[in-house]
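All of these numbers come straight from a predicted model, not from anything done at the bench. In this chain, numbering begins with 1 at the start of the sequence shown.
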Amino acid sequence: MKKIGFDDKKYRELTKEEINKRLKKFSNKLYLEIGGKLFDDLHASRILPGFKYNSKIEILKELKDKTEVIVCISAKDIEKRKMRADYDITYDKDVMRIIDNIRKNELKVNSVVITLFENENSAINLKNKLEFNGIKVYMHSYTEGYPGDIEKVVSENGYGKNEYIETEKPLVVVTAPGPGSGKLATCLSQLYHEYKRKNKAGYAKFETFPVWNLPLKHPVNIAYEVATADLKDVNMIDSFHLEHYGETAVNYNRDIETFPILRKILKEITKEEIYHSPTDMGINMIGFAITNEKVIINACVDEIIRRYYKSLVSYKMGEQPIEVTERIKILMNELNIDVNKRKVVKYAHKKQEEKKSHSMAIELEDGTIITGRTTNIMSAPASTLINALKYITNLDEDVYIISPLVIEPMLKIKKDLFHKNEVLNLQEILLALSINAATNPIIAKMLENLNKLNNCEAHATYILTNGDAKPLKQLKINCTCDPEFKSNDLFIND
């Protein structure tokens with residue numbers, strides 16, 4: 001049984017209470033920027049065992065009668081087809097996924113705002129597609145004068161040039177597929193228009209990391225730095241908070257660096273000093289809901305090691321510079337983290353040494369380590385998952401599962417039609433199992449146990465290709481890899 005170190009119910013209650021406080025402070029009109037992910041916050045659920053990865057949306061569901069959502073996306077990100085790595089989809093497609101999820105959770109979608117718009121055809125195409133499906137779309141351009149000329153920013157030639165977004169609910173949540181999507185600019189633009197209309201309104205940021213009331217070098221905050229190493233985010237003591245309140249609080253460099261400008265803009269719009277520090281702006285109750293420090297620390301160490309291996313693979317694939325890995329290594333050294341702490345790494349390497357074949361190891365919920373290797377039929381992840389499912393279903397390891405009548409035609413068509421003389425990957429093996437399950441109740445029972453692999457830890461001794469990596473991700477298995485290609489063939493490794 002996985003140990004729990006976080007009280008998700010308490011977290012939701014505290015956060016909802018804080019949001020309601022902000023609503024009252026601003027006469028029941030609050031623009032709430034979502035920091036990080038609104039849905040599927042897998043990072044938080046990994047480092048805070050007990051945190052539900054959809055906690056943010058669950059909190060908003062409890063406030064649904066007073067909530068509507070604006071989704072932002074930068075025209076620049078649409079144009080360059082920026083990807084969300086965790087889902088392997090472009091930002092424009094993720095906007096549609098976000099809208100679908102918001103609706104499924106019975107929340108109102110107000111509109112989509114395409115920010116930094118400069119007549120890009122790709123942005124116009126997305127606008128047309130969304131409007132055809134009944135979604136309001138607003139086009140906001142770059143704010144003239146930002147950041148230096150505050151007077152121009154807060155004027156008809158700055159925020160005033162953006163079309164005002166009509167809202168009905170007191171709580172307006174502003175979210176996006178990722179950073180740099182224009183959430184803050186949209187909130188500030190709306191505040192400008194609200195005050196122009198004599199409506200009092202406010203701004204706050206719904207944050208998860210870093211956690212302001214944990215120590216600067218706490219593993220939770222270090223894990224955040226590691227997760228954003230490619231963005232060069234650095235946790236810092238909030239000097240504004242310390243100076244005004246005499247209280248130490250942790251924030252990150254970008255919020256601290258931009259706060260003086262943001263404070264001036266807010267004061268120019270509202271004619272009053274709303275916040276004294278970037279920490280003041282945030283709604284972050286994570287630190288109050290930690291129940292077992294040891295469990296949390298162990299989870300953070302695991303996540304940091306996972307991120308380290310991921311950065312090694314990204315470097316090997318030419319996706320990231322080596323500086324990202326070096327940055328993570330420095331942070332690991334601060335916490336004296338050794339990669340050998342990740343048990344599945346040791347077992348996968350041992351299997352490879354014994355069998356002289358690419359291997360994988362998975363740690364099940366009860367702590368049992370199951371291994372598998374690449375055979376003449378299937379890949380290491382495929383054989384490992386079959387072995388794991390046998391164990392969970394209480395089947396003997398030597399029980400023969402998939403009929404050659406299914407396997408042989410699949411291998412033949414890969415060779416003849418796709419010119420790939422390869423073994424079957426995990427995706428193909430799962431399809432083969434599902435075909436056999438129709439007539440074999442044992443296999444049907446094995447497949448029923450697939451969800452018991454959720455959140456298990458795994459490690460492969462080589463970089464997995466999509467046919468293995470995607471199903472592992474969909475099964476929510478936390479898999480890391482050695483930064484080694486499975487062969488010298490460039491096409492296979494792509």
Side-chain angles (χ1 to χ4, degrees), residues 1-16 34-62 84-88 94 97-98 101-102 104-105 175 177-179 206-211 214 218-229 233 283-310 341-342 344 362-367 450-459 469-480:
M1 190 74 173
K2 196 167 186 177
K3 293 181 180 178
I4 300 299
F6 186 83
D7 188 338
D8 193 72
K9 183 180 178 183
K10 182 179 180 181
Y11 168 70
R12 293 200 310 269
E13 288 172 352
L14 289 172
T15 303
K16 186 171 70 171
I34 299 294
K37 297 180 177 69
L38 178 57
F39 299 96
D40 303 332
D41 196 339
L42 301 178
H43 174 79
S45 67
R46 288 193 297 264
I47 71 168
L48 301 167
F51 181 96
K52 303 292 190 296
Y53 56 83
N54 278 334
S55 275
K56 284 181 183 174
I57 199 69
E58 290 298 323
I59 293 165
L60 296 178
K61 277 173 69 175
E62 293 179 32
R84 266 198 67 162
D86 46 354
Y87 289 105
D88 293 322
D94 196 40
R97 185 189 72 90
I98 290 169
N101 282 336
I102 290 168
K104 285 172 186 174
N105 283 281
T175 190
F206 187 176
E207 297 181 303
T208 316
F209 304 109
V211 181
L214 289 179
H218 191 285
V220 166
N221 286 334
I222 294 290
Y224 168 76
E225 274 199 68
V226 168
T228 57
D233 282 353
I283 295 175
N284 186 341
M285 313 308 288
I286 291 286
F288 298 107
I290 291 174
T291 57
N292 189 318
E293 183 83 359
K294 185 177 179 181
V295 168
I296 297 298
I297 289 173
N298 288 337
C300 289
V301 169
D302 288 342
E303 176 68 3
I304 290 166
I305 296 172
R306 282 192 292 264
R307 296 280 185 174
Y308 174 68
Y309 272 108
K310 182 180 178 182
K341 182 173 173 61
R342 188 164 169 77
V344 285
I362 184 169
E363 182 178 5
L364 303 181
E365 193 177 55
D366 65 0
L450 268 174
N451 65 342
K452 293 181 180 177
L453 299 176
N454 290 175
N455 303 314
C456 287
E457 301 298 323
H459 184 82
K470 278 191 175 181
L472 289 171
K473 189 179 289 187
Q474 289 163 342
L475 288 167
K476 295 184 172 64
I477 294 172
N478 301 318
C479 186
T480 52

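- The shortest heavy-atom contact between Arg84 and Pro177 is CD-O, 3.6 Å.
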* Please report the C-alpha distance between Ile283 and Thr15 in whole Å, then the side-chain angles of each, then the deciding distance to 0.1 Å, and finally whether the side chain to side chain contact (heavy atoms under 4.5 Å, CB included) criterion is met. => CA-CA 7 Å; Ile283 295 175; Thr15 303; 4.1 Å; yes
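- In this structure, CG on Leu38 lies 6.0 Å from CD1 on Ile102, to the nearest 0.5 angstrom.
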* **Worked check of side chain to side chain contact (heavy atoms under 4.5 Å, CB included) between Lys56 and Leu60** => CA-CA 6 Å; Lys56 284 181 183 174; Leu60 296 178; 5.6 Å; no
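- Counting heavy atoms from C-beta on, the side chains of Asn101 and Arg97 come closer than 4.5 Å.
- Nearest heavy-atom pair across Arg46 and Ala299 is O-CB, 3.4 Å.
- Considering all non-hydrogen atoms of both residues, Val344 and Glu363 come closest at CG1-N, 3.6 Å.
- Taking the side chain as every heavy atom from C-beta outward, Tyr308 and Val226 never approach each other to under 4.5 Å.
- Here the rule is side-chain hydrogen bond (donor to acceptor under 3.5 Å, both in side chains) with Ser55, and of Thr208, Asp41, Asp8 only Asp8 fits it.
- Between Leu48 and Phe209 the shortest side-chain heavy-atom distance falls below 4.5 Å.
- Separation of atoms NZ (Lys341) and CG (Asn298) is listed at 5.0 Å; rounding is to 0.5 Å.
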* **Thr480 vs Arg342, side chain to side chain contact (heavy atoms under 4.5 Å, CB included): CA-CA, chis, key distance, verdict** => CA-CA 10 Å; Thr480 52; Arg342 188 164 169 77; 3.0 Å; yes
* To do: Decide yes or no on side chain to side chain contact (heavy atoms under 4.5 Å, CB included) for Glu293 and His218, but give the supporting numbers first.
  => CA-CA 10 Å; Glu293 183 83 359; His218 191 285; 2.5 Å; yes
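- Asn455 places no side-chain N or O within 3.5 Å of a backbone atom of Asn478 that could act as its donor or acceptor partner.
- Listed by chain and residue number, Lys10, Met285, Phe288 satisfy the side-chain contact (heavy atoms from CB on, under 4.5 Å) test with Leu14 (two or more places apart in sequence, or in another chain).
- The two residues Asn221 and Val211 make their nearest non-hydrogen contact at OD1-N, 2.7 Å.
- A distance of 4.0 Å separates CD1 of Ile98 from CG of Asp94, quoted to the nearest 0.5 Å.
- Asn105 is not listed as a side-chain neighbour of Asn54, based on a closest heavy-atom distance of 4.5 Å or more.
- With hydrogens and angles ignored, the 3.5 Å screen pairs a side-chain donor or acceptor of Asn284 with a backbone N or O of Pro210.
- Between Lys37 and His43, the closest side-chain pair of non-hydrogen atoms is not below 4.5 Å.
- Looking only at side-chain heavy atoms (C-beta outward), Ile47 and Val220 come within less than 4.5 Å of each other.
- To the nearest 0.5 Å, the span separating CD1 on Ile362 from CG on Leu453 amounts to 5.0 Å.
- With rounding to the nearest 0.5 angstrom, the CD1 atom of Ile57 is 8.0 Å from the NZ atom of Lys61.
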* Check the pair Lys16, Glu13 against salt bridge (Lys or Arg N to Asp or Glu O under 4.0 Å), reporting the backbone distance first and the verdict last. => CA-CA 5 Å; Lys16 186 171 70 171; Glu13 288 172 352; over 6 Å; no
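- Between Tyr224 and Asp233, the closest side-chain pair of non-hydrogen atoms falls below 4.5 Å.
- Of the possible donor and acceptor atoms, none in the side chain of Asp40 sits under 3.5 Å from a partner among the backbone N and O of Leu42.
- Smallest separation of non-hydrogen atoms from Cys479 and Leu472: SG-CD1, 3.9 Å.
- Annotation: ring pair (Phe, Tyr, Trp, His ring centres under 6.0 Å) contacts of Phe51 (sequence neighbours excluded): Phe6, Tyr11.
- The main-chain N or O of Lys52 is never found under 3.5 Å from a side-chain atom of Ser45 such that the two would form a donor-acceptor pair.
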* To do: Walk me through it: do Glu62 and Arg12 pass the test salt bridge (Lys or Arg N to Asp or Glu O under 4.0 Å)?
  => CA-CA 9 Å; Glu62 293 179 32; Arg12 293 200 310 269; 3.8 Å; yes
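- The two residues Pro49 and Ile296 make their nearest non-hydrogen contact at CD-CD1, 3.7 Å.
- Residues meeting the ring pair (Phe, Tyr, Trp, His ring centres under 6.0 Å) test with His459, sequence neighbours left out: Tyr309, His349.
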